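Written out below as structure tokens is the structure these notes cover.
Below, all heavy atoms of this structure are taken into account, side chains as well, without hydrogens, waters or symmetry copies. Bear in mind the structure is a predicted one, so any value in this text is a computation, not a measurement. Each chain gets a letter, A, B and so on, in the order its sequence line appears, and its residues count up from 1.
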Amino acid sequence: MDEKYFPETIEEKWQQRWADERAFEAREDDPRPKFYALEMLPYPSGYLHMGHVRNYSIGDALAWYKRLRGFNVLHPIGWDSFGQPAEQAAIKRGIQPRAWTEDNIVAMRDQFKRLGISYDWSREIAAHRPEYYKWDQWFFLKMLERGLAYKRTSAVNWCPKEETVLSNEQSSGGVCWRCGTQVTKKEIEQWYLRITEYAEQLVADIKEIEAGWPEKVLKRQRDWVGRSEGAYIDFKVKDQDEKIRVFTTRIDTIFGATAIVIAAEHPLLPKLLEGSTLKDDLLQFAENIKAARAIKTEDLSEEEEKLGMNTGRLAINPFNGELLPIWVANYVLMDYGAGAVMSVPAHDERDFEFAQKYTLAIRQVIAPVVHGQQSEPVDQASGGDQSIEMKHAFVEYGVLVNSGEWSGKLSTDAIRELAEYAAAKGFGGGAVTYRIRDWGISRQRFWGAPIPVVYCEKCGMVPVPEKDLPVMLPDNAEFSGTGESPLKSVPEFLNTACPKCGAPAMRETDTMDTFVDSSWYFFRYCDPRNDGMPFDTAIAAQWTPVDQYIGGDSHAVMHLIYTRFWTKVMRDLGLVKFNEPVKRLLTQGMVTNRVEGTNEWKAMSKSLGNGVDPDEMIEAFGADATRLFILFAAPVENELRWSETGIEGAVRFLRRVWIMVYKWRPGYAGILPAHTEDGMQAGSLRSQNFSDAARALRRKTHQTIARVTDDFEKLDLNTNVAALMELSNALGEFNVEPASASDADRFVAREAIEALVIMLAPFSPHIAEEMWEGLGHEGGLLNSAQWPVADPELAKQEELEIPVQVNGKLRSRVIVSPDISEADLRELALADSKVQSFIDGHKVVKVIVVPQRLVNVVVK
RNA sequence: GCGAAAGUGGCGGAAUUGGCAGACGCGCCAGACUUAGGAUCUGGUACCGAAAGGUGUGGGGGUUCGAGUCCCCCCUUUCGCACCA
């Protein structure tokens with residue numbers, strides 16, 4: 001340890017030592033309890049940005065903390081290395097995606113190492129390597145076998161700019177999640193994974209993780225799955241042997257149905273129109289709706305005008321035999337529920353609006369409940385089945401009216417009983433629907449895992465046998481940028497033999513969505529070199545589930561729902577034994593920077609020109625200060641608006657600690673006492689012989705240990721750093737010259753310093769290691785040190801300053817011993833001269849004494 | 001439009017969950033050391049006031065001995081959703 005703190009020298013030194021000693025490699029034969037700390041793996045764009053630095057600094061702080069607390073910590077890293085940018089680079093600059101990706105990985109790995117993140121590099125993985133994507137393909141085959149993967153033609157979300165298919169999640173809000181371009185629809189054959197099969201579990205199992213996941217993420221997942229309980233009802237079509245099924249959550253309003261409305265895409269529409277003079281008009285109308293939806297434009301805030309046409313057909317309400325006109329309208333969606341609704345204008349806003357526009361009957365069948373009793377129908381209803389005047393739909397639950405034998409029942413009861421009745425009569429029953437759609441994984445892309453099937457003229461679609469995996473990506477594709485998969489341009493890839501009959505066959509040229517890669521990667525870290533299985537189940541069982549996962553909340557519904565789904569599939573395949581892969585999730589806030597020339601703060605990005613290069617920060621201030629600052633600057637879940645002014649403070653803090661450690665370190669005239677068996681607890685020195693200043697420092701030390709330990713469990717890292725600064729300040733105020741210090745003083749200083757150095761390691765590991773070595777722990781790395789233990793006795797205040805209020809206003813303070821009796825405290829407070837002056841001339845009505853806290857004198 | 005969360009000094013943010021508002025840091029002010037300071041150290045820094053004291057956590061009301069924290073109304077910001085039957 002030198003007298004002066006030079007970050008660049010010591011950071012390089014310790015990075016080398018850590019690598020040489022394989023300091024952070026996790027071992028399966030380590031008997032200590034495990035802890036799996038995981039950060040979302042980066043896409044290898046070629047450079048880290050400050051958002052990465054934040055993400056990985058949080059994770060590393062936790063990994064260090066858990067190691068020091070005696071856990072066997074698994075802290076791995078890898079590369080989400082399939083995806084568009086590599087292909088864009090190929091199109092634009094003629095670089096092969098593989099070479100581009102590998103170069104980027106090298107560059108970013110170096111950056112990670114310069115940051116000194118304590119990864120187990122021996123477990124590094126990359127999605128684009130055959131030894132990884134082989135297992136994507138393996139999983140696909142398993143799902144195919146179980147009917148969880150299937151192919152169908154459908155209208156997909158299409159990004160016209162990137163010329164690729166997007167999943168529902170990736171086109172949320174009608175725009176491409178990556179480039180923001182308006183999404184359109186396109187008919188195409190696609191591979192899907194049956195995530196809907198797991199819809200119920202994806203909702204129900206939330207109870208297993210709700211304690212450890214942010215509520216906002218769970219809410220978005222619940223909304224995404226969109227579970228809805230209700231009933232279906234089959235309406236017979238008059239004069240045709242057909243039924244129309246509708247889904248409703250309000251079967252209690254069935255007697256208020258005045259029409260059936262079906263989606264433009266409804267398969268029954270042509271049949272309904274048979275023999276109708278309006279057939280052509282209606283079919284054209286339906287086509288117009290579909291077309292309008294496909295190019296649904298910019299302004300999403302504007303609700304589309306409701307458009308509809310009467311088919312001229314009638315449906316029969318099975319509850320009362322009433323005849324209802326069947327309409328086609330743009331506000332009914334084919335891909336939700338049954339693609340048809342019963343229109344109840346009196347009790348549904350949309351139906352109401354529609355009925356008003358087309359003057360359909362509006363019949364009230366639910367009345368509000370007043371004092372638990374039935375009231376008159378709202379808006380001076382005339383009763384009966386006449387249309388009535390209403391300004392809005394009445395959408396609340398209430399009591400049924402005009403509903404035959406169900407009149408008088410409460411909605412909640414009627415919902416159940418009507419569904420049961422429908423089921424008994426065979427024309428309906430209770431039903432649950434979900435908004436979530438199956439996961440389309442086909443991409444007309446090169447840079448992804450090839451979907452392992454072939455098409456044979458004789459045998460049709462044939463899965464590639466497991467023994468032939470991986471289906472390798474070729475190295476010589478042409479990148480035209482036309483939207484056709486580049487794999488189609490590689491005959492050696494395209495043409496193959498049918499695995500079944502040996503006849504010439506063609507390979508599938510679609511590749512998998514990259515979210516497949518990231519759905520299970522953290523299981524692969526457990527056993528990254530296994531070439532017989534995705535991972536050994538026993539080894540995975542030792543490490544998983546992940547104890548703490550850290551990443552941006554932009555993945556709240558995509559990655560995080562896919563990985564939950566994947567885990568459930570793996571469970572059903574017998575690979576894991578639990579339902580949920582991640583116990584605790586932290587969604588860290590974005591790091592934003594001002595966009596030059598504007599007043600907007602946006603996530604740092606190259607295209608906006610508001611990026612900050614971590615390497616420049618490291619060069620100017622050191623990795624330790626950069627990491628410390630980014631964790632100190634804001635609570636981990638908040639947005640962090642980048643500013644360089646604060647980072648100087650972090651450097652100053654580290655330098656001050658350095659100076660104090662240097663001053664007190666052994667070797668400086670042998671100041672510190674030799675290490676004692678019981679280390680910092682040193683019972684014999686405990687209470688006697690300590691000066692007031694020494695006792696105050698000990699107190700601060702133990703208070704800080706308690707606070708930091710507590711804050712780590714809550715991941716309150718910013719207050720954690722503040723606590724360390726306070727301890728360092730207290731140490732600075734401990735005004736004792738090392739050369740002339742008493743044994744007791746030396747002991748107390750040493751205790752404070754060692755605690756400080758250990759607790760600093762999670763934030764600024766290089767300087768911590770250097771100081772640890774400087775303190776004489778030359779044998780081992782700080783890695784194997786023990787987290788200090790707070791002694792509550794030592795942390796206790798010797799005296800308390802109790803605020804005294806008069807009528808709730810602070811008037812004075814009294815200094816008392818912590819175990820003063822309530823009566824004594826009360827007396828002391830009342831006797832205080834300042835307090836007296838405020839009581840004077842008034843009558844004391846009441847005295848509130850909160851032990852250890854405050855006294856409030858109430859006067860009149 | 002619907003839903004959720006949040007509004008605390010010049011700034012980032014603390015506040016043991018109903019008990020001293022503003023910890024810690026940035027910035028700023030003054031001083032010291034310096035040929036020099038964008039280095040370092042010391043002190044100060046919510047607002048008004050010379051002081052005593054008063055005011056103060058988006059605004060208004062309420063509950064309470066006591067409210068940044070709980071309740072009601074309003075305003076603002078951010079995020080999510082987008083006709084989901």
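Using atom P as the reference point in both B:rC70 and B:rG18, the two lie 8 Å apart (nearest Å).
Below the 3.5 angstrom threshold, one finds no donor paired with an acceptor across the side chain of A:Lys216 and the base of B:rC79. Checked by distance alone, A:Arg853 brings a side-chain donor or acceptor within 3.5 Å of a matching partner on the base of B:rU16.
Closest to the side chain of A:Phe632, from the set B:rG13, B:rG27, B:rC24, is B:rC24. The listed nucleotides are B:rG19, B:rU40, B:rG13; the one nearest the side chain of A:Ala634 is B:rG13. Comparing B:rC65, B:rG19, B:rA85 against the side chain of A:Leu854 picks out B:rG19 as the nearest. The nucleotide whose nearest atom lies closest to any side-chain atom of A:Tyr331 is, among B:rC83, B:rU55, B:rC65, B:rC83. With B:rC83, B:rA14, B:rG19 as the candidates, the nucleotide lying closest to the side chain of A:Val850 is B:rG19. Closest approach to the A:Asn718 side chain among B:rG13, B:rA85, B:rU55 is made by B:rG13 (side chain taken as heavy atoms from C-beta onward). Listed candidates were B:rA85, B:rA39, B:rC83. Nearest to the side chain of A:Tyr336 is B:rA85. The A:Lys219 side chain lies nearest to B:rG3 when the options are B:rC65, B:rG3, B:rA39. Taking every side-chain heavy atom of A:Leu810 into account, B:rA21 is the closest of B:rG53, B:rA21, B:rG80. Of the candidates B:rA85, B:rC26, B:rG13, the closest approach to any side-chain atom of A:Thr645 belongs to B:rC26.
Looking at A:Ser817 and A:Glu799, their side chains never bring a donor and an acceptor atom within 3.5 Å of each other. Using modelled atom types, one finds a donor on one side chain and an acceptor on the other under 3.5 Å when comparing A:Tyr336 with A:Thr433.
With a 3.5 Å ceiling on both atom-pair distances, B:rA52 lacks any Watson-Crick or G-U wobble partner. Nucleotide B:rA4: paired with B:rU78 (Watson-Crick or G-U wobble, both distances less than 3.5 Å). The partner of B:rG12 is B:rC24, by the rule that a Watson-Crick or G-U pair needs both atom distances under 3.5 Å.
Nucleic acid contact class of A:Gln805 (heavy atoms, under 4.0 Å, all strands): base. Among the heavy atoms of the strands, none lies under 4.0 Å from A:Asp223.
The shortest distance between the side-chain N/O atoms of A:Asn638 and the OP1/OP2 oxygens of B:rG13 is below 4.0 Å. Contact between the side-chain N/O atoms of A:Ser228 and the OP1/OP2 oxygens of B:rA85 is found at a separation under 4.0 Å. Phosphate contact (OP1/OP2 of B:rG3, side-chain N/O of A:Arg220, threshold under 4.0 Å): absent. Proximity of A:Lys809 to the phosphate of B:rU55: a side-chain N or O atom is located under 4.0 Å from OP1 or OP2. Phosphate contact (OP1/OP2 of B:rA4, side-chain N/O of A:Arg222, threshold under 4.0 Å): absent. Residue A:Arg652 has a polar side-chain atom (N or O) positioned under 4.0 Å from OP1 or OP2 of B:rC26. A sub-4.0 Å separation between OP1 or OP2 of B:rA23 and a side-chain N or O of A:Asn729 is absent.
The distance from atom CD of A:Glu648 to atom P of B:rU40 is 8 Å, rounded to the nearest whole Å. Note: CZ (A:Phe763) to C1' (B:rG25) measures 14 Å, nearest angstrom. One atom, CD of A:Glu726, and another, C1' of B:rA15, lie 12 Å apart when rounded to the nearest Å. Straight-line distance from the CD atom of A:Gln703 to the P atom of B:rA23: 17 Å, rounded to whole Å.
Residue A:Val395 comes nearest to A:Arg250 through the heavy atom pair O-NH1, 2.9 Å, listed as atom of the first residue, atom of the second, then distance.
Checking side-chain atoms of A:Asn718 against main-chain N and O of A:Ala633 turns up no donor-acceptor pair under 3.5 Å.
Annotation: the span from A:Met342 atom CE to A:Phe247 atom CZ amounts to 11.0 Å, rounded to 0.5 Å.
Using bins of under 30°, 30° to 60° and over 60° for the plane-to-plane angle, the ring pair A:His347/A:Phe394 lands in the perpendicular bin.
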A:Phe621/A:Tyr5 under ring-ring contact (aromatic ring centres under 6.0 Å, His included): CA gap, chis, key distance, verdict: CA-CA 11 Å; A:Phe621 308 104; A:Tyr5 170 47; over 10 Å; no
